[in-house]
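Here is the structure we will look at, set down as structure tokens.
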Number of protein chains: 2
Amino acid sequence: MAAAALEHSKETIASRVVDALRDDIITMALKPGDVISESDIAGRYGVSRQPVREAFIRLAQQGLLLIRPKRATVVKKISPIGVRQSRFIRESIEVEIIRRVAGQPSDDAADVLTRLIADQEAASDANDSRRFHTLDELFHRTLARLAGVEYAWQLIDDHKMQLDRVRYLTLGVSSTQRAIAEHKQIVEAVAKADPTAAETAMRAHLARAELLLNQTISDFPDYFE
Amino acid sequence: MAAAALEHSKETIASRVVDALRDDIITMALKPGDVISESDIAGRYGVSRQPVREAFIRLAQQGLLLIRPKRATVVKKISPIGVRQSRFIRESIEVEIIRRVAGQPSDDAADVLTRLIADQEAASDANDSRRFHTLDELFHRTLARLAGVEYAWQLIDDHKMQLDRVRYLTLGVSSTQRAIAEHKQIVEAVAKADPTAAETAMRAHLARAELLLNQTISDFPDYFE
DNA sequence: TCTGGCGCCCTTCCATACAAGAATGGCATT
DNA sequence: AATGCCATTCTTGTATGGAAGGGCGCCAGA
């Protein structure tokens, strides 16, 4: 925990504490199982306990913290079941999305997606994992936008944080080459207006995450329930 | 707002306030657009502002309240876009569920579902709308359980509250007969182990909600954005 | 040595006081 | 009559002190 002096903006203190803590949790600066307390964090950021408490409540609702009344507050360990179910939800939605996109194809769609893949290849060549994953997220978000349900993507953002923690642990591991190849298959199916092929490619793409999860669990057993 | 003296249990005051307020909102005792304040609710329940404030935060995260800093807190109006997107998510997941259930059929599945439909018919004959909708929810939840993703159902419960408010407004309107007939089609497809037919039936079942939504918007325009 | 009880310390939870922004209505000025 | 300013009074946001409860270790007794 580096974390000194959250930069002051016009937002409320509570909001800034939420952002700071969430970032620390996703980047594993705060590890699953770590015990924190209101006064602890309050002292660390030089604020009172009240806004910290409110931050705890919000993060607990997002599934990142576990408040044990009168006992303590801990960074929630990652639940393999929760991760799989979150992925089930994501897969359900993404399959529906890719069907729509492939079902009503436009030249724009394929173009935009192709360009994104090119960027990803550049990031991969430069070994810039962070940027690669940012572009990966953008790829999927773009599909949602093309399907006209970008707003729905925001709704599942909460669940996605569970997946993000796992992904952060696999930053150096995941094979970017393979992901790119899979993305190409998806775009290809979209260009051909073949919903079934698109669905198959998307399922394969998402299924690979299962392998990564299992490896990550054995690499960091303490971080999981 | 009837609402006196929330019954005391061992839970925290904040939790009880959350439950009470959420119930008031979903049952339209608190109407979309109503302005409430921390001290208002605090006085009404005879507690201090603090737990009420925490309840507001939690309900705001669930999309039921809108906290306008330093200004006021209002019961959020229902967003037609949000409702449609929530339904999109639900439809995506339910289609995936029904495919799985129909894909790996069991005698139990059809039996349990058939029994639930019988109960629904009884409730419909008795004109018990509340019970009918409770059974309706149980029907879909059972499908999730049969697909082995009951936990995922919990994850979308938050989004479902948006739909619940609309559904409450349509309590006397919705044609229970039709819903029952659609449920029968679904079970039939499951019994025949026909995923495609099951999917079609499920989509039709969920699509009918769109009509209800449009009618509800014109019936209660003030409750929507 | 083992076991049960008691007290201390830690936590979250609640209450209260104060601070600061925002809206509204009255009043003065033009 | 219209308009701009200012004070009053709401609201939510923050700080702080104490209350209530759970965990843990020391200590006494068997």
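Please read all numbers here as calculations on a predicted model, not as lab measurements. In what follows, chains carry the letters A, B, and so on, assigned in the order in which the sequence lines appear, proteins first and then strands, with residues in each chain numbered from 1.
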- Task: Let me know the distance between CD of B:E54 and C1' of C:dC14, rounded to the nearest Å.
- Result: 8 Å
- Specify the separation, in whole Å, of atom CG of B:L65 and atom P of D:dT11. 15 Å
- Task: May I ask you to decide if B:E11's main-chain N or O and B:S15's side chain share a donor-acceptor pair within less than 3.5 Å?
- Result: no
- Winner on side-chain proximity to B:Q50, out of C:dA20, D:dG22, C:dA15, is C:dA15
- Item | Atom-pair distance (CD1 on A:I13; P on C:dA20), nearest Å | 11 Å
- Shortest side-chain distance from B:R53, nucleotide among D:dG22, D:dG13, C:dA23: D:dG13
- Item | Check: A:R22/A:Q62 side-chain N/O donor and acceptor closer than 3.5 Å | yes
- Looking only at heavy atoms, the pair that brings A:R145 and A:V112 closest together is NH2-CG1, 4.5 Å
- Would you mind reading off the distance between A:I41 atom CD1 and C:dT12 atom C1', rounded to a whole angstrom? 14 Å
- Query: Roughly how many Å is it from CD1 in B:I67 to P in C:dG21, rounded to a whole number?
  - Reply: 19 Å
- B:F56, nearest nucleotide to its side chain (from D:dA15, D:dT12, C:dT11): D:dT12
- In whole angstrom, what separates B:R68's CZ from D:dT11's C1'? 10 Å
- Query: Which nucleotide in the list D:dA15, C:dT16, C:dC14 gets nearest to the side chain of B:R49?
  - Reply: C:dT16
- If you check the B:R71 side chain, which of C:dA22, D:dT12, C:dA15 turns out closest? C:dA22
- Message: I need the CG-P distance between B:L66 and D:dT11, as an integer number of Å.
- Response: 16 Å
- Taking the side chain of B:T73 as its heavy atoms from C-beta onward, which of D:dT12, C:dC13, C:dT11 lies nearest to it? D:dT12
- Give the ring-plane orientation class for A:H140 versus A:W153, where under 30° counts as parallel, over 60° as perpendicular and anything between as tilted. parallel
- Item | Check: B:L138 main-chain N/O paired with B:T142 side-chain donor or acceptor under 3.5 Å | yes
- Nearest-neighbour nucleotide for the B:S48 side chain, D:dG13, D:dT11, C:dC14 considered: C:dC14
- Item | Protein-nucleotide distance (A:E38, atom CD; C:dC14, atom P), rounded to Å | 11 Å
- Message: Does A:I57 reach a base, just sugar-phosphate, or nothing at all? Heavy atoms under 4.0 Å.
- Response: nothing
- Taking the side chain of A:K70 as heavy atoms from C-beta outward, which of C:dC14, D:dG21, D:dG13 is closest to it? D:dG21
